[in-house]
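Residue numbering restarts at 1 for every chain, and letters A, B, ... go by the order of the sequence lines.
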2 protein chains.
Amino acid sequence: MVNRQMTPASKLGDQGDVLSNAARLFREKGFERTSLKEIAEACNMLPGSLYYRYNSKEALLVELMRRGVDLVTAEVESAYASSDDPVERLRLCIKAHLRALLVDSDAVYVLLFEWRALGPEAREEIIELRDQYESLWAEILETMIEQGVIRKNVDGRLLRLIGLGALNWVATWFDPNGAHSLDAIGDLIWQIAMDGVINKGGQA
Amino acid sequence: MVNRQMTPASKLGDQGDVLSNAARLFREKGFERTSLKEIAEACNMLPGSLYYRYNSKEALLVELMRRGVDLVTAEVESAYASSDDPVERLRLCIKAHLRALLVDSDAVYVLLFEWRALGPEAREEIIELRDQYESLWAEILETMIEQGVIRKNVDGRLLRLIGLGALNWVATWFDPNGAHSLDAIGDLIWQIAMDGVINKGGQA
DNA sequence: GTCTATACTCTGATAGAC
DNA sequence: GTCTATCAGAGTATAGAC
């Protein structure tokens with residue numbers, strides 16, 4: 001449902017992007033419930049042909065997840081660089097993360113929800129990459145705490161994990177045809193994180 | 001790692017609770033990566049014996065998820081009933097949800113993270129049960145909005161989904177031996193939802 | 001690069017003895 | 001209720017032709 005920028009050769013011989021097709025299927029059905037046969041079919045190929053590109057099903061998944069990390073990192077870094085105001089910057093980064101997860105590519109979803117399909121070695125690599133990405137968020141939040149924008153008694157790490165949880169879980173319920181746009185949802189999450197929802201004083 | 005209340009006959013012939021063993025394995029490895037052989041071994045049985053109790057692997061999963069809904073519902077309803085103050089009630093319900101998900105049973109985790117393993121029919125049933133549970137949260141939040149405790153311009157449904165997302169994702173990173181207790185995490189989520197994290201006025 | 005053909009393994013599931 | 005024995009099917013992966 002994502003990544004619909006069709007290359008010229010999309011009618012037949014859609015071997016253009018095995019990863020995109022795999023990502024979509026892994027997202028829709030999960031890694032274990034998707035067979036190489038299905039992936040091959042989506043690429044107009046036969047199962048055996050996939051092994052020319054990837055040594056195993058897991059290698060394909062790993063490559064996919066690397067792409068996911070790259071993508072979400074680029075998106076958030078770009079948002080980070082587009083403002084100097086820490087509060088506004090946070091708002092933009094929240095929306096960038098949501099966009100990467102729900103609009104740009106299925107790879108980010110797979111990265112976040114299918115890591116249990118990885119063996120020990122691959123898991124270690126991907127966790128490391130994910131931690132690198134999250135360190136970007138650590139920087140954003142710690143800066144805000146140091147500058148006194150966020151109350152100093154708030155634990156930055158917990159705040160990061162809780163916030164990313166709220167963001168990541170959006171992928172399980174967001175409806176592109178629903179009443180609220182992804183940007184509106186991002187704004188609300190930002191607003192809750194900043195001001196909370198309690199009604200102080202007058203009837204707001 | 002959970003549900004360690006051993007029944008007397010726990011040495012051998014641990015057929016006492018197939019569901020508990022399955023829940024633990026499904027949580028640790030995922031539904032598809034857990035074979036009936038493994039489940040049977042954990043129960044000191046052989047694979048074929050499981051079919052006396054459940055007609056299929058999926059039937060076992062469904063029964064497990066029903067248990068998960070019952071458990072988390074009971075826990076949150078109990079918390080709900082233990083206070084009349086809406087704000088305090090919310091705090092207690094948040095902690096109850098976390099407890100059900102991370103301490104009481106592996107079934108709640110499986111319910112939340114393995115629903116894609118269900119076929120269409122079973123999925124419909126479980127989604128319905130999950131929606132019933134979530135309606136409990138809808139009630140909590142809508143009441144707070146009506147009473148003016150939560151700002152009236154906040155969308156109750158979005159707030160519920162965002163909040164439950166933050167809570168559910170805790171299951172992916174919580175460390176029982178870590179620096180923060182589950183209750184402390186619950187309190188922080190509650191505090192963020194209520195007041196936000198921004199530093200208004202003095203150096204708090 | 002892709003296809004053909006196939007090997008090997010594992011899994012969920014069944015039937016009937018005990 | 002549990003075990004024994006077994007099946008049919010699907011899945012990943014490989015080797016070699018083209």
Under-4.0 Å side-chain N/O to phosphate OP1/OP2 contact, Tyr52(A) with dG1(C):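 Yes, because at least one side-chain N or O of Tyr52(A) sits under 4.0 Å from OP1 or OP2 of dG1(C).
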Under 4.0 angstrom between Ser49(B) side-chain N/O and dC3(D) OP1 or OP2: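 Indeed, a polar side-chain atom of Ser49(B) lies that close.
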With Arg157(B) via salt bridge (charged side-chain N to carboxylate O under 4.0 Å, His left out) - residues at least two apart: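 By the salt bridge (charged side-chain N to carboxylate O under 4.0 Å, His left out) rule, Arg157(B) matches no residue at all.
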Non-neighbouring partners of Arg89(A) that pass salt bridge (charged side-chain N to carboxylate O under 4.0 Å, His left out), sequence neighbours left out: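 Arg89(A): no salt bridge (charged side-chain N to carboxylate O under 4.0 Å, His left out) contacts found.
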Non-neighbouring partners of Asp85(A) that pass side-chain contact (heavy atoms from CB on, under 4.5 Å), sequence neighbours left out: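 Here the qualifying residues are Ser83(A), Val87(A), Glu88(A).
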Pairs involving residues 31-42 of chain A, ordered by first then second residue, that meet side chain to side chain donor-acceptor pair (under 3.5 Å) (sequence neighbours left out):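 As it turns out, the side chain to side chain donor-acceptor pair (under 3.5 Å) pairs with a partner in residues 31-42 of chain A, which skip direct neighbours, are Lys29(A)-Glu38(A), Glu32(A)-Arg33(B), Arg33(A)-Glu32(B), Ser35(A)-Glu38(A).
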Given dG1(C), dT2(D), dC3(C), the nucleotide with the shortest approach to the side chain of Leu46(A):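 Closest of the options to the side chain of Leu46(A): dC3(C).
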Beyond-backbone contact of Trp115(A) with Leu61(A), side-chain heavy atoms, under 4.5 angstrom: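 Not touching, per the 4.5 Å side-chain cut-off.
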Nearest-Å distance for atom pair CG/C1', residues Leu61(B) and dG12(C):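 It is 14 Å, rounded to the nearest whole Å.
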Leu50(B) CG - dT4(D) P separation (whole Å):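 Computing the Leu50(B):CG to dT4(D):P distance gives 14 Å.
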Distances under 3.5 Å between nitrogen or oxygen atoms of protein and nucleotides 11-13 of chain D:
unit_1	atom_1	unit_2	atom_2	d
dT12(D)	OP1	Lys57(A)	NZ	2.9
dT12(D)	OP2	Leu36(A)	N	3.0
dA13(D)	OP2	Tyr51(A)	OH	2.8
dA13(D)	OP2	Lys57(A)	N	2.8
dA13(D)	O5'	Tyr51(A)	OH	3.2

Residues that Phe113(A) engages under ring pair (Phe, Tyr, Trp, His ring centres under 6.0 Å), provided they are two or more places apart: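 Partners of Phe113(A) by the ring pair (Phe, Tyr, Trp, His ring centres under 6.0 Å) criterion, ordered by chain and then number, come out as Tyr109(A), Trp169(B).
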